[in-house]
> 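Provided herewith is a single structure, encoded as structure tokens, for subsequent inquiry.
In what follows, every chain begins at residue 1, and chains take the letters A, B, ... in the order their sequences are listed. Keep in mind that the numbers below use all heavy atoms, side chains included, and drop hydrogens, waters and symmetry copies.
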Amino acid sequence: MKVVLKDLTKKFPGRIKKEEEVTAVSHFDFEIPDGKLVGLLGPSGCGKSTTLLMICGLYKPTSGKIFFGEDDVTDVPPEHRGVGLVFQNYALYPHMTVEQNIMFPLGNLKGKDKLSKEEMKRRALEAAKLVQIDQLMDRRPGQMSGGQQQRVAIARALVKMPRVLLMDEPLSNLDARLRLQTREEIRRIQRETGITTIFVTHDQEEAMSISDLIVVMKDGVVQQIGKPQSVYDDPANLFVAKFLGTPPVNVFDGSVRSGKLYIGPDAVYDAPGLPDQKVWVGIRPEGFLPDENGPLTCSLKGVEVMGRDVSVISEHPGMQGSAIRSIIDAQSRVDTGSGVIRFRVRPGKIYAFEYESGKTLPLPGLEKEGNTVSWRAGEAQSGDQN
Amino acid sequence: MDDYAAARSRSKAAARTKSIATYLLLVLWALLVLFPFYWMVLTSVKDYGEYNSEYIPKFYTLHPTLKNYADAFTAVPLGRYLLNTLLFTVITTAVMMIVITLAAFAFARLQFRGKNLVFALFLSLMMLPNELVVITNFVTITNANLRNTFPGLILPSVMSVFYVYLLKENFEMVPDNLYLAAKVDGTSDMKYLLRVLVPICRPTMITIIILKVIECWNSYVWPRLITDDPNYYLVSNGIQEIRENGFGRENIPAMMAAVVIISLPLIVLFLIFRNKIMSGVLRGGTKG
């Protein structure tokens, strides 16, 4: 079931009467293709959960429309939308067994949809098998680990066979190892069921690793929508570049002068066709190549050997933040004696952003693969099919 | 090594002395608390004549008798009073549970205009001592022509602001997400209340039930005011009857026998459920 959001806006009234209303989501336009796993990504308070709850029907949009397939569901209450929702803290009923929890949504079906007890049990078992908790049907939530509870919550959301599955921060209550395991699990379940799934997360790694598409949001405004890799490679603005990637992108104060991109006095890259201006320069940690004749001269502060590769910490007068973190091949030799390290920059790993707006400026070396999905509906799907 | 052993035995001895002292105090305290009960049971098995001939009451009796228990039932219709009390207690508690559960749910979960104002008014009722409303209640019930009826006995106590408050706090402790999840699953408010909230808050509800049962069983002033027909007397007033029916002197041993009979159910109830009472109160209190 494809999900279409048209110019979706949500405003909350201020807490005090005179206070201005708060815009949580502003003009969200997006078409989620059928059967995809979409990650809504952004820092706290960016409106991603609000968006999810609007799709779910628990919040009413201030303006805009929501379609499931061709049906306008904007005014349809949640129970008639055919959505399954998984909460961050699972929201399992503590006094019921796993089986009763999973069966609970089925018990609310009325009229011609009403199921017999056996049918309900069968469906619950089916859902439990899908998430591999069918041996734990008699346990209560309190007797299970976080990961198991999470699975129960997913089974409960799936048992109604929803048209759309929604997950609000599904992994943030799990420990690091379980998180890895569970995100694979979510991916598998989504593939097996083919249900269009939208999940919310503030963890960029989580979103990148399992999503077909990610939507990066900030202050209620969509920043960029695209395949994880293309959003990473080709960020639309400084915020997106900073938000994706660990270690984060290194940001410098820079300028464009006569077709060259400067960081301080160092002309690090070509910027043909760009007018002279002040810019922000972003370089991914993996974009630094140690080169004795490289243009970027940094003072070396430390080297951390991490086995597969080496993390070099250095400083440069133009940098923003406390240090430059670069990751280089373990084979490259770093001369720690001189206290100076020179880099050249790997094409495609360096970005220039407009100083005021933070919008990305075109630099050579960024291959336009054409798979970046623009955030306008309609273009979204064609972008995805490439 | 020897020093160590000596020190150990010294500290052991100190600990033993301390615990002996503690237990002695506890035993004393228990005796103090239990003495009235002992006195009650003792008096109830003393012969009427023996009791009256004792100028200084004795702490024991050599001729225990159960005659007083029979007297308690024959002097007044104690069986009838017990039945009345049972009916009164069960109906009052049941109706009150329904009323306060619905009220607490409305305050905890539903959105309606003037909710906070209404709740504030509710709470302000809690500030009024019961004695203050006895007269107005009496006038109301009398005007409604409900004296000497069960509805007249029951109606004033089917609502308790404090229990509504306690239960509302409890309902609010249940995470919002459970409600939202239930909404997504198409659960009605009523079903959510009965299938989710009530089972989760069961300890508190049991506590409230027990406290209410005790309160009903012991109620005295209101039944005394609103009934003068012995057919509607509760046990508390029934005892009074024994006193008033005595020939010349009150039949204290029979009264005590009646008191033993009517306290037994409460004591049994308390012994069975005392853990639950505490757990419910503690749960209600942990929210802070």
Side-chain angles (χ1 to χ4, degrees), chain A residues 49 52-60 76-97 100-111 113-114 120 140-142 149 152-169 173, chain B residues 97 101 104-105 108-117 119-120 166-167 169-209 273 275-276 279-280 282-287:
Chain A
S49 286
L52 194 81
L53 292 180
M54 278 195 284
I55 299 173
C56 174
L58 288 171
Y59 283 171
K60 258 190 133 35
V76 176
E79 64 266 31
H80 296 133
R81 286 193 184 189
V83 292
L85 179 59
V86 178
F87 285 91
Q88 178 175 359
N89 52 9
Y90 321 134
L92 299 176
Y93 305 116
H95 59 289
M96 297 185 192
T97 64
Q100 287 166 335
N101 260 293
I102 300 176
M103 269 163 44
F104 192 78
L106 299 177
N108 295 323
L109 298 175
K110 291 197 189 78
D113 300 328
K114 207 165 162 52
M120 277 161 64
R140 280 174 206 278
Q149 291 185 34
V152 178
I154 295 175
R156 189 179 65 183
L158 286 174
V159 74
K160 279 188 309 184
M161 303 179 185
R163 300 194 283 180
V164 179
L165 179 62
L166 305 166
M167 298 198 239
D168 190 3
E169 306 253 354
N173 279 16
Chain B
M97 287 317 286
T101 307
F105 180 71
R109 187 47 73 190
L110 302 183
Q111 297 299 333
F112 53 89
R113 276 172 77 96
K115 175 167 125 172
N116 290 334
L117 180 72
F119 192 64
L166 186 69
L167 208 54
E169 290 293 303
N170 237 268
F171 284 172
E172 281 178 348
M173 274 162 58
V174 176
D176 280 1
N177 282 349
L178 287 189
Y179 183 65
L180 295 181
K183 279 277 135 209
V184 174
D185 293 338
T187 314
S188 65
D189 278 352
M190 200 55 170
K191 191 171 175 193
Y192 172 72
L193 174 65
L194 294 180
R195 293 278 313 274
V196 180
L197 273 189
V198 168
I200 291 177
C201 298
R202 200 166 60 190
T204 308
M205 301 195 79
I206 289 177
T207 306
I208 293 177
I209 289 176
F273 288 111
N275 291 336
K276 296 232 157 144
S279 74
L282 288 179
R283 245 172 80 98
T286 45
K287 196 191 176 186

> Name all residues meeting the side chain to side chain contact (heavy atoms under 4.5 Å, CB included) criterion together with Met120(A); count only those two or more places apart in sequence or in a different chain, and write none if there are none.
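Expected list: Met103(A), Leu106(A), Leu115(A).
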> So, for Val83(A) and Val184(B), which heavy atoms are closest and what is the spacing to 0.1 Å?
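Looking at all heavy atoms of both residues, the shortest contact is O-CG1, 3.7 Å.
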> Tell me, side chain or backbone of Leu53(A) under 4.5 Å from chain B's heavy atoms, or both, or neither?
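Neither part.
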> Select, from Pro78(A), Gly57(A), Ala91(A), Gly84(A), the one with the greatest count of heavy-atom pairs under 4.5 Å involving chain B.
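Ranked by contacts with chain B, first place is Ala91(A).
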> I need the residue from Cys56(A), Ala157(A), Ala153(A), Pro105(A) with the largest number of non-hydrogen atom pairs under 4.5 Å to chain B.
Pro105(A)
> Got a sec, which residues hit ring pair (Phe, Tyr, Trp, His ring centres under 6.0 Å) with Phe119(B), two or more places apart in sequence or on another chain?
Phe107(B)
> Got a list of the donor-acceptor pairs under 3.5 angstrom between chain B and chain A?
{"residue": "Asn177(B)", "atom": "ND2", "partner": "Asn89(A)", "partner atom": "OD1", "Å": "2.8"}
{"residue": "Val184(B)", "atom": "O", "partner": "Lys160(A)", "partner atom": "NZ", "Å": "3.1"}
{"residue": "Asp185(B)", "atom": "O", "partner": "Asn108(A)", "partner atom": "ND2", "Å": "3.0"}
{"residue": "Thr187(B)", "atom": "OG1", "partner": "Asn108(A)", "partner atom": "ND2", "Å": "2.8"}
{"residue": "Lys191(B)", "atom": "NZ", "partner": "Gly107(A)", "partner atom": "O", "Å": "3.3"}
{"residue": "Lys191(B)", "atom": "NZ", "partner": "Asn108(A)", "partner atom": "OD1", "Å": "2.6"}
{"residue": "Arg195(B)", "atom": "O", "partner": "His95(A)", "partner atom": "NE2", "Å": "2.7"}

